[in-house]
Amino acid sequence: MTRRIIEEFYELRDRIIENRYKQLNSQQRSAVLSNDRNLAVIACPGAGKTTTLIRKVDYLVTFGQIYKTDYCPEAITENDISLLKDSLRGNEVDKNRINYLLRGRGVNPNNIIVITFTRAAAMNMKKRYISINGSNNTPFFGTFHGLFYKILSRRYKQINIIEPSAGYRLVKGVLSSYLDEVSEEKIKEILNHISFYKTNDVSEEGFFPNVDKSIFFECYKAYEDYKKKNNLLDFDDLQIKCRELFLKNREVLDSYRRLFKYMLVDEFQDCDGIQIDILKLLNRENSIFAVGDEDQCIYGFRGSKPECMVSFEHNFKDSSKRFLSINYRCPQSVVNISDSLIKIIR
């Protein structure tokens, strides 16, 4: 195997990989084909961040991170070079040999997790991935809470989740003792405050809900007592207990560090402090690929940390950022007006 053959292989390999993602713009393709260990992709609205994330999963599974590297399979020949050239031309080729030449570093889907914030979004991403990759052997696509439930279920067997209606009824019962009228919005507000209080490590003295503090903590106590009495958990408990498990049991943490080689997170700006803590615990020698925009945070009322996009390099070692700045959602006229308005404000 001569140096000329190796160099030619590198060129053809990279052209084939680029060709698979030719429908992406240069910014999207740069993010997909990057070899950064930890990468934050900052995307403006309509920039195709979810498309970029799905293509990244496909790249990892199909090729592994071999683009622009010195990866070369053993015993490559002139016939292999001809085979790669035929593949680029769209000719029929020996697929087994092509797989050997290009897919030897492909990542096992079982070693990849893809996380977002609603089950509907996760299932949509999974469906889109299957349509691109063509395989039903997929990575984990789900929510943080779905992942934590899966991890804890393997450890503690039976896990029962409180019904939303039960929490609603408990809070309404307490509020009705103090208020003449209890609106649905007020009940949801208290439930959101309970979630915020539990997941943000704030003291009772330092917490200021939008209701009399004594009333809030009576709601909180009724809610937590009910769960304890009936051996129930809520979604916040899942992540609290998962963090506790990783902190207290190094063996379990190390096993998941080995299992989750690649962690991809959509809408990263909506992560709360505990979710960031868990990602940091897992991020030893594996990789995180996070996409989002701190200006599009929608879960601030529950304690999300949009600043995690800004401070990504401080939370995750060996990291970098890339940007998706082309808006495909709005007409150019709307984009131009928005740009002009921003310049005036600045």
Side-chain angles (χ1 to χ4, degrees), residues 17-18 20-21 24-44 47-69 105-117 121-122 124-126 128-130 132-133 138-144 146-147 256-271 275-294 296-297 304-325:
I17 293 173
E18 289 167 358
R20 185 174 178 89
Y21 305 107
L24 301 179
N25 67 39
S26 59
Q27 292 177 336
Q28 295 168 334
R29 190 162 52 249
S30 175
V32 168
L33 301 182
S34 71
N35 292 319
D36 302 286
R37 185 167 84 84
N38 296 317
L39 181 65
V41 179
I42 315 297
C44 71
K49 58 184 174 56
T50 303
T51 294
T52 302
L53 184 146
I54 293 169
R55 296 289 180 171
K56 181 70 173 185
V57 179
D58 176 75
Y59 169 62
L60 292 172
V61 173
T62 304
F63 303 106
Q65 291 186 301
I66 64 171
Y67 181 73
K68 298 293 185 184
T69 69
R105 292 285 179 86
V107 180
N108 186 329
N110 293 328
N111 295 132
I112 299 174
I113 56 173
V114 184
I115 306 170
T116 189
F117 285 84
N124 178 260
M125 286 197 296
K126 182 176 181 178
R128 290 173 62 183
Y129 168 77
I130 292 173
I132 293 167
N133 188 267
T138 67
F140 170 89
F141 284 87
T143 63
F144 272 109
L147 178 65
Y256 281 103
R257 283 172 170 168
R258 291 190 295 270
L259 179 62
F260 300 153
K261 296 185 184 303
Y262 293 91
M263 303 180 290
L264 298 93
V265 184
D266 196 18
E267 307 293 0
F268 187 73
Q269 75 281 348
D270 288 324
C271 290
Q275 291 160 355
I276 294 294
D277 286 346
I278 292 173
L279 290 173
K280 288 166 65 176
L281 284 168
L282 290 169
N283 186 233
R284 170 63 68 85
E285 296 176 354
N286 51 14
S287 297
I288 181 168
F289 182 87
V291 297
D293 177 6
E294 66 269 23
Q296 297 184 59
C297 178
S304 62
K305 306 287 186 182
E307 64 269 20
C308 64
M309 294 296 297
V310 178
S311 59
F312 187 80
E313 298 99 324
H314 300 292
N315 288 317
F316 302 97
K317 295 180 179 179
D318 306 321
S319 64
S320 59
K321 290 181 181 177
R322 299 190 186 224
F323 296 86
L324 306 183
S325 60

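Residue numbers run from 1 in the order of the sequence given.
Residues Phe312 and Ile42 have side chains not in contact (no heavy-atom distance under 4.5 Å, counting atoms from C-beta outward). Residues Ser325 and Gln27 are in side-chain contact: their nearest non-hydrogen atoms beyond the backbone lie under 4.5 Å apart. Taking the side chain as every heavy atom from C-beta outward, Ile112 and Lys261 never approach each other to under 4.5 Å.
Applying side-chain contact (heavy atoms from CB on, under 4.5 Å) to Leu53 and the options Leu264, Asp58, Val265 leaves one that passes, Leu264. The residue from Val61, Val114, Asn133 that alone fulfils the side-chain contact (heavy atoms from CB on, under 4.5 Å) condition with Pro109 is Val61.
For the residue pair Ser30 and Arg322, a side-chain donor N or O sits within less than 3.5 Å of a side-chain acceptor on the partner. A donor-acceptor contact closer than 3.5 angstrom is absent between the side chains of Asp318 and Asn38. Side-chain atoms of Arg128 and Thr50 include no donor-acceptor pair closer than 3.5 Å. Side-chain contact of Glu313 with Ser320: a donor-acceptor pair under 3.5 Å is absent, judged by distance alone.
Under the 3.5 Å distance criterion, the side-chain polar atoms of Asp293 are left unmatched by any main-chain donor or acceptor of Cys44. The backbone N or O of Thr51 sits nowhere less than 3.5 Å from a side-chain atom of Lys56 that would complete a donor-acceptor pair. Without hydrogens or angle criteria, Asn25 side chain to Gln28 main chain gives a donor-acceptor distance under 3.5 Å. Between the side chain of Ser311 and the backbone N or O of His314 there is no donor-acceptor pair closer than 3.5 Å. No side-chain donor-acceptor contact under 3.5 Å links Gln269 to the backbone of Cys308. Under a 3.5 Å cut-off, the side chain of Gln65 and the backbone N or O of Leu60 do not form any donor-acceptor pair. The backbone N or O of Tyr59 sits less than 3.5 Å from a side-chain atom of Tyr21, completing a donor-acceptor pair.
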### Message
Under the criterion side chain to side chain contact (heavy atoms under 4.5 Å, CB included), I'd like the reasoning laid out for Lys317 against Arg37: C-alpha separation, chi angles, the key distance, then a yes or no.
### Response
CA-CA 9 Å; Lys317 295 180 179 179; Arg37 185 167 84 84; 4.0 Å; yes
### Task
Show the numbers, then the answer: is there a side chain to side chain contact (heavy atoms under 4.5 Å, CB included) between Phe260 and Leu147?
CA-CA 11 Å; Phe260 300 153; Leu147 178 65; 3.9 Å; yes
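Partners of Asn108 according to the side-chain contact (heavy atoms from CB on, under 4.5 Å) rule, which considers only residues two or more places apart in sequence or in another chain, are Asn110, Asn111.
Centroid-to-centroid, the aromatic rings of Tyr129 and Phe141 come within less than 6.0 Å. Residues Tyr67 and Phe63 keep their aromatic ring centres 6.0 Å or farther apart.
The shortest non-hydrogen separation linking Phe268 to Ile276 is CZ-CD1, 3.6 Å. Closest approach of Arg257 and Asn286 over heavy atoms only: O-ND2, 3.6 Å. The nearest pair of heavy atoms linking Gly146 to Phe140 is C-CZ, 4.2 Å. Closest heavy-atom contact between Val107 and Gly64: CG2-CA, 4.3 Å. Taking each heavy atom of Ala31 and Ser34 in turn, the nearest pair found is O-OG, 3.0 Å. The shortest heavy-atom contact between Thr138 and Lys126 is OG1-CE, 3.4 Å.
The OG1 atom of Thr62 lies 10.0 Å from the CZ atom of Arg55; values are rounded to the nearest 0.5 Å. Put simply, CD1 on Ile288 and CD1 on Ile115 are 7.5 Å apart, with the number rounded to the nearest 0.5 Å.
Using a 4.0 Å cut-off between a side-chain N of Lys or Arg and a carboxylate O of Asp or Glu, Glu267 and Lys49 qualify as a salt bridge.
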